[in-house]
Amino acid sequence: MSSVATRSGMSTEELRDFYLRYVELANKREFAQMADFAHEEMIMNGTPVKMADMVAEFYKHIDAVPDLHWEIQDLVVEGDRVAARLIDTGTPVREWNGLTPTGASVKITETAFYQVQDGRFKHMSYLMDIDTARRQLAG
């Protein structure tokens, strides 16, 4: 891998480590540190949002699935972009993404894409396999 800085302001290795730390902090519920990872204003799933909106989205997921855990399966870093395939696991206790909890746990795939500018996320989008979660909750 190259150690040359990209448009993100980080080398490929630094950007990879940046994303690994981001997921680690999410799993530790250290959302207050998200200011280190995202611009104050960014684009999330095509919509302009404030960083506080991104943090609120994390809290929304954790409120519904307190044991939600993200595990990176694949991670690709190229230029100022990060692409990840994750496995999300947990047991919903409240309605989550339109799904009613049944006591069953879910294990679903999430695909996420990020663009980093000046050392922080500027664009992010993610897609969770909610159809699989629906089938798992239906039992």
Side-chain angles (χ1 to χ4, degrees):
M1 286 188 198
S2 169
S3 63
V4 176
T6 65
R7 288 184 296 167
S8 67
M10 293 185 250
S11 71
T12 301
E13 293 86 0
E14 289 168 333
L15 192 50
R16 181 179 203 74
D17 290 344
F18 171 82
Y19 187 75
L20 294 173
R21 285 191 318 274
Y22 165 73
V23 172
E24 179 183 9
L25 289 176
N27 280 325
K28 289 180 177 179
R29 313 303 191 242
E30 294 180 11
F31 305 128
Q33 292 188 36
M34 289 302 155
D36 295 341
F37 294 90
H39 283 273
E40 181 55 39
E41 295 183 2
M42 53 188 297
I43 305 295
M44 185 166 60
N45 288 332
T47 303
V49 298
K50 301 282 187 192
M51 182 189 29
D53 298 321
M54 180 189 87
V55 171
E57 188 77 7
F58 272 113
Y59 280 113
K60 182 179 87 172
H61 289 302
I62 297 307
D63 184 54
V65 188
D67 63 344
L68 185 60
H69 180 80
W70 294 269
E71 182 181 323
I72 300 168
Q73 298 294 300
D74 293 301
L75 182 60
V76 177
V77 176
E78 185 173 313
D80 62 351
R81 312 251 175 183
V82 175
R85 184 177 64 86
L86 305 104
I87 298 295
D88 301 350
T89 55
T91 306
V93 298
R94 290 188 172 81
E95 183 178 306
W96 181 55
N97 292 312
L99 304 176
T100 303
T102 63
S105 294
V106 296
K107 180 178 180 180
I108 62 171
T109 300
E110 177 180 348
T111 306
F113 299 92
Y114 307 83
Q115 181 180 25
V116 177
Q117 291 178 359
D118 302 320
R120 291 193 172 100
F121 297 131
K122 186 64 178 175
H123 296 267
M124 56 188 334
S125 60
Y126 66 94
L127 181 65
M128 300 167 76
D129 184 4
I130 298 303
D131 286 339
T132 294
R134 183 178 291 109
R135 286 192 298 276
Q136 292 171 353
L137 292 173

Study note, to complete from the structure: Separation between OH (Y22) and OH (Y114), nearest 0.5 Å, reads 4.0 Å
Review point. Between H39 and D118, is there a donor-acceptor pair closer than 3.5 Å when you use the side chain of the first and the backbone of the second?
Key: no
Review point. Could you state the interatomic distance from CD (E110) to CD (E71), rounded to the nearest 0.5 Å?
Key: 12.5 Å
Point to revise | Test log, rule side-chain contact (heavy atoms from CB on, under 4.5 Å), inputs L86 and Y126 | key: CA-CA 10 Å; L86 305 104; Y126 66 94; over 6 Å; no
Check your understanding: Taking C-beta and beyond as the side chain, do M124 and M54 meet within less than 4.5 Å on heavy atoms?
Key -> yes
Point to revise | Interatomic spacing from CZ in R16 to CZ in R21 - rounded to 0.5 Å | key: 13.0 Å
Check your understanding: So, F37 versus F31, ring centres under 6.0 angstrom or not?
Key -> no
Exercise for review: Heavy atoms only: give me the nearest L68-R29 pair and the separation to one decimal.
Suggested key: O-NH2, 2.6 Å
**Study point:** Any V106 side-chain heavy atom under 4.5 Å of L137 side chain
**Key:** yes
**Study point:** Verify same cluster id: F113, V76 (apolar side-chain graph, 4.5 Å)
**Key:** no
Review point. Shortest non-hydrogen contact from A64 to E95?
Key: CB-O, 3.5 Å
**Study point:** Pair W70 and F58, ring centroids less than 6.0 Å apart
**Key:** yes
Review point. Please walk me through it: do Q136 and I108 pass side-chain contact (heavy atoms from CB on, under 4.5 Å)?
Key: CA-CA 9 Å; Q136 292 171 353; I108 62 171; 4.1 Å; yes
Exercise for review: Step by step, work out the side-chain contact (heavy atoms from CB on, under 4.5 Å) result for V116 and F18.
Suggested key: CA-CA 10 Å; V116 177; F18 171 82; 4.2 Å; yes
Check your understanding: Is there side-chain contact between W96 and K60, with at least one heavy-atom pair below 4.5 Å?
Key -> no
Review point. Got a second to check how far R134's CZ is from L99's CG, nearest 0.5 Å?
Key: 5.0 Å
Review point. How long is the gap from CD1 on I62 to CD on E57, to the nearest 0.5 Å?
Key: 11.0 Å
Review point. Of all heavy-atom pairs between V93 and P66, which one has the smallest distance, and what is that distance?
Key: CG2-CD, 3.5 Å
Review point. Any side-chain heavy-atom pair from I43 and K122 closer than 4.5 angstrom?
Key: no
Review point. What's the spacing between I72 CD1 and N27 CG if we round to 0.5 Å?
Key: 8.5 Å
Practice item. State yes or no: do V49 and L127 share one hydrophobic cluster built from I, L, V, M, F, W and Y residues joined by side-chain heavy-atom distances below 4.5 Å, directly or via other members? Key: no
Check your understanding: With a 4.5 Å heavy-atom cut-off, do E14 and D17 have their side chains touching?
Key -> no
Point to revise | Closest non-hydrogen atom pair between P92 and A104, with its separation | key: CD-O, 3.6 Å
Check your understanding: If you measure from the Lys or Arg side-chain nitrogens to the Asp or Glu carboxylate oxygens, is any gap between D53 and K50 under 4.0 Å?
Key -> no
Exercise for review: Assess whether side-chain contact (heavy atoms from CB on, under 4.5 Å) is satisfied between N97 and H61, documenting all intermediate values.
Suggested key: CA-CA 9 Å; N97 292 312; H61 289 302; 4.1 Å; yes
Point to revise | Side chain proximity check, L20 to L75, heavy atoms < 4.5 angstrom | key: yes
Exercise for review: Treating Ile, Leu, Val, Met, Phe, Trp and Tyr as nodes and any side-chain heavy-atom pair under 4.5 angstrom as an edge, say whether I87 and M128 lie in one connected cluster.
Suggested key: no
Check your understanding: Does the side chain of H123 reach to within under 4.5 Å of the side chain of M42, using non-hydrogen atoms?
Key -> no
Exercise for review: Look at the side chain of D74 and the backbone N and O of R85, then say whether any donor-acceptor pair between them is shorter than 3.5 Å.
Suggested key: no
